[in-house]
Amino acid sequence: MSLVIKSSLLVLIIPALLVSTAHADALENCTVNKDIIVNNHLALLSMPEFNHAREVETVTESDNTRSAFYYKFNYDRCGQLTDMYALMTRNELRFRIDSSYDISKNQQGWRNSYNVTLFGMNKLFYAREGAIDYQTNDKGLIVSSTDNYISGSDEKKAETGITNGIYKTDDKFRMAYSLLSGSDESVNGEYRFFYQPDNKPFSLISPTMSISYLYDEQQRASGMIEITVSPYYLGSKKTDCLEWNEHNDCTKSISKELELFPTYVVDRTTVLRSTYTYW
């Protein structure tokens, strides 16, 4: 079952926070331009940028599987992510996945410190703790990453590992893909972004997952469709925004998720509430 965890470690998906990609004009004294901020946001979080919010907080309003999700994001005046914290508990009927992610800006780029555990039948099936360091070039663009981690279980002694990543833009200076390679073969491979004609992110394709970004008639980022195919389970998930605020940011969303395991099915419906603070 470790792939269920690992696939979410390096492609951090936050489908509940559906936001407008209409970015406010950058304030003076911003050392990093808008295009780089947009690309870094995709590289770090695999989703479009925020509508120049200062702080975003999301909590679980309801979940029929007794799962719980909490997210908090902070941005500077230029719209660049300064830190992010996520805490998630996913009940999968026969086991439970607890995970936390703590992303913070530093001089080299960003660091994502994470911890993931898989419990079931009074046993620790899997545990992983590590930190992904994202390195930027002299213009502030993420160009590489290094994930140093330790993993183990009740039946397997702890082992260390490392995954390296490189990030490339296309001829229009859009984040095109990342290539991961290293100790963890389940996450190795190419993670590629595709775009609409107006340059809005259209989809992300990875070795085990595809994500489609949805937009409404007002061109607001209104939802996501995720498909997961792995040796352990098949998954589909659709997220839609239900309510918006005056800044066209989503304040209430609903996700309907179906996970097909070899001997049982998880049918999850989650409603999340988001609040925004602006500069």
Quick check on the hydrophobic clustering: are [X] and [Y] connected, directly or via other members, by side-chain heavy-atom contacts under 4.5 Å?
X	Y	result
Met88	Ile211	yes
Ile142	Leu179	no
Phe194	Ile227	no
Ile205	Tyr177	no
Leu45	Leu87	no

Would you kindly say whether [X] and [Y] are connected by a side-chain donor-acceptor distance under 3.5 Å?
X	Y	answer
Arg111	Ser104	no
Ser203	Tyr213	no
Glu159	Ser151	no
Tyr70	Glu57	yes
Gln218	Asp216	no
Asp147	Tyr114	yes
Arg66	Thr89	no

Checking the side chain of [X] only, and the main-chain atoms of [Y] only, is there a donor and an acceptor separated by less than 3.5 Å?
X	Y	value
Trp110	Leu81	yes
Glu226	Met224	no
Thr251	Ser274	no

Should we count [atom1] of [X] as having more than 12 external heavy atoms under 6.0 Å?
X	atom1	value
Phe202	CZ	no
Arg54	CZ	no
Glu185	CD	no

Inter-residue atom distance Glu55.CD - Tyr75.OH, 0.5 Å rounding: 11.0 Å
Gap between atom OG1 of Thr169 and atom CZ of Arg174 - 0.5 Å precision: 10.0 Å
Considering all heavy atoms of both residues, which atom of [X] and which atom of [Y] are nearest to each other, and what is their separation?
X	Y	result
Leu272	Thr58	CB-CG2, 3.8 Å
Tyr85	Ser100	OH-CB, 4.3 Å
Tyr167	Ser145	OH-OG, 3.0 Å

Among Asp63, Asn64, Thr60, Ile254, the one residue meeting side chain to side chain contact (heavy atoms under 4.5 Å, CB included) with Val271: Ile254
Audit row: Thr117, Leu124, side chain to side chain contact (heavy atoms under 4.5 Å, CB included) steps and yes/no: CA-CA 7 Å; Thr117 55; Leu124 176 63; 4.1 Å; yes
Option among Phe95, Phe261, Tyr264 that satisfies the ring-ring contact (aromatic ring centres under 6.0 Å, His included) test with Tyr233: Phe261
Check against salt bridge (Lys or Arg N to Asp or Glu O under 4.0 Å), Glu190 and Lys168: CA-CA 11 Å; Glu190 190 172 89; Lys168 297 291 186 180; over 6 Å; no
Cation-pi, Tyr149 ring and Arg128 (6.0 angstrom, 45 degrees): yes
Aromatic ring pairing Tyr276/Tyr278, orientation class (parallel under 30°, perpendicular over 60°, tilted between): parallel
Parallel, tilted or perpendicular, as decided by the 30° and 60° cut-offs, for the rings of Phe193 and Tyr195: tilted
Within the 6.0 Å centroid threshold, strictly below: Phe73 and His41: no
Worked check of side chain to side chain contact (heavy atoms under 4.5 Å, CB included) between Ile162 and Thr146: CA-CA 7 Å; Ile162 185 171; Thr146 305; 3.6 Å; yes
